[in-house]
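Single-structure report; data block below.
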Amino acid sequence: MLPPRFGLIDGNNFYVSCERVFDPSLRGVPTVVLGNGDGCCISLCPLAKGLGLKIGTPIFQVPDAIRKKIQVRSANFALYGDLSARIVSVLSDLFPRVEVYSIDENFVDVEGLKDPFATCLEARERILRWVGIPCCAGIGATRTLAKAGNKMAKDRSKRAANAGALAVFHATPQNIDALAVEDVWGVGRRFTARLNAEGVKSAADLAALPADHVRARYGVVLARTQTELRGVPCGDLELEEPNRKQLVISRTFGRDVLDPMDALTTFTTVACEKLRSRGLAAGALWVWLDGNPFKGDTFHASRAVPFPFPTRDTAEVLRAVRFLAKSIQDQASRSGRSVPFKRGGVGLTDLVRAEDRQADLFFGPDEKAERAMAVLDKINAKWGRGTVGVGSVGWRVGGARPGEKRVGRRDAQWRPTLKALSPSYTTKWSDLLRVR
DNA sequence: TCTGGGGTCCTAGGACCC
DNA sequence: TCTGGGGTCCTAGGACCC
């Protein structure tokens, strides 16, 4: 049997589990977490899934009878991010190398551990005790097998009473026939349909297909997945955070919006803050606006423009955004459009590390703007996002908390209100729990 | 008359991930 | 009334160059 080299440890129903850490009244009750503007379910506990709810279900489509049985929370990413970091710190004590794969998943290096299985069980115990999040783990000779093992552990422990002991699974090329092919990492909806059509139902079926057939019919990406299912690694842990190539902020508006400029300038402000906090500068920009496809309005228009020199100056990007947005609105009205927009976004692309920018005779960084942005970031870091801004853009990009004062020049009708946002228990002094 | 072939860059679209 | 958001990689085809 192939010795395991990789482990994958992830939090069960992560967002819901995070909400339950600080709100015990949710335990044992069907709970869902909603995405932007309290629109769709983005995390559900098994009890909620048992009521027929799925990830992506719009909450307004849920019948009242079921609505009454469930508890609902607005997504609170500050809380989830903080608990996620605590999990990483627990794992770093137990494993020589940890790859932070997503907010709720971490790959670990188990090669050379005396008993990888036992170490994963120990990790699960510690995370449950110290952070409060229940986890499952898979181990395997490749990252794809570790992922498969994780999924199988989850399925298995769901059905069992002694969930703890079953929460770790060692996947090998020989024991993955119980895993449906659509649950393999790298097999999405489209590939599932095509694979099923040729009789491939399980992970083991996929591993057994002729390799050149997979390569020719499905491409190199799935061919690598297949190789990994057979126990041959095609990649190692990625410990370095890769440099992002683009940074996108987009939202479905809380309601239909005729003038999207306020939304777009807010997205721009947030995007530029993120850009600077990561030490990056943008070589180009794109802006887009969509109609409401749920009302049969398929309007979509986008515009892009390069910067003469990679920038991280909010004011410069704002000027470009306004110009592009205006151009899209002109196009919309020229085509006789009087319908509102429902979605929009701002993307910063061709990102480079700010210190790698090469000034030449004609173009270089605007030193004055760079200093101004540095001061602005410092003030906002100390007093909170939106304390100072360029022009009168001062919105948080997320939704408003109930009763929160709205400031700003325009009516920010695009911004949805969050009705069920939990406190930021671990990242805001004012939201700390009190023990009497 | 003879209508090549390989390289690069860009873009759009498709597939996937959480 | 209310319909998630932020990413990556690969491929095919066109333009252009020598």
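Scope of the values below: all heavy atoms of this structure, side chains included, with no hydrogens, waters or symmetry mates.
The footprint of chain A on DNA chain B, defined by a heavy-atom cutoff below 4.0 Å, extends from B:dA15 to B:dC18.
Within the 4.0 angstrom heavy-atom criterion, no nucleotide atom of any strand lies near A:Leu34. Residue-level contact check: A:Glu105 touches the backbone only, with heavy atoms under 4.0 Å from sugar-phosphate atoms and none from bases. Nucleic acid contact class of A:Val184 (heavy atoms, under 4.0 Å, all strands): sugar-phosphate only. If you check every strand for non-hydrogen atoms under 4.0 Å, A:Asn292 touches nothing.
Ring-plane geometry between A:Phe267 and A:Phe253 is classed as parallel, the angle between the planes falling under 30 degrees on a 0 to 90 degree scale with a further cut at 60. Taking the six-membered ring where the residue is Trp, A:Phe299 and A:Phe341 present tilted rings, their angle falling between 30° and 60°.
In this structure, A:Arg143 forms a cation-pi arrangement with A:Phe107, its terminal cationic atom sitting closer than 6.0 Å to the ring centre and no more than 45° off the ring axis.
No donor-acceptor distance shorter than 3.5 angstrom exists from the side chain of A:Thr142 to the backbone of A:Val232, with no hydrogens or angles considered. Side-chain atoms of A:Glu99 come within 3.5 Å of backbone N or O of A:Glu238 as a donor-acceptor pair.
Mapped onto DNA chain C by nearest heavy atom, A:Val221 and A:Ile55 fall at different nucleotides, with A:Ile55 at the one closer to the 5' end. Residue A:Phe60 is the one, among A:Phe60 and A:Gln246, whose nearest nucleotide of DNA chain C lies closer to the 5' end (criterion: closest heavy atom).
For the segment residues 190-220 of chain A, the set of residues with a heavy atom within less than 4.0 Å of an atom of DNA chain B comprises A:Arg190, A:Phe191, in numerical order.
The environment of A:Arg190 atom CZ is sparse: at most 12 non-hydrogen atoms of other residues, nucleotides or ligands sit within 6.0 angstrom.
Only one option out of A:Asp104, A:Val33, A:Ile133 pairs with A:Tyr80 in a side chain to side chain contact (heavy atoms under 4.5 Å, CB included); it is A:Val33. The residue from A:Lys154, A:Lys151, A:Lys147 that alone fulfils the salt bridge (Lys or Arg N to Asp or Glu O under 4.0 Å) condition with A:Glu105 is A:Lys147.
Rounded to 10°, the angle separating the first-five-pair axis and the last-five-pair axis of the helix from B:dG5-C:dC18 to B:dC18-C:dG5 equals 10°.
In this structure, the side chains of A:Arg276 and A:Thr314 come closer than 4.5 Å at one or more pairs of heavy atoms.
Side-chain contact of A:Thr31 with A:Gln71: a donor-acceptor pair under 3.5 Å is absent, judged by distance alone. For the residue pair A:Gln226 / A:His213, no side-chain donor-acceptor distance below 3.5 Å is found, with atom types taken as modelled.
The P atoms of C:dC18 and B:dT3 are separated by 23 Å, rounded to the nearest whole Å.
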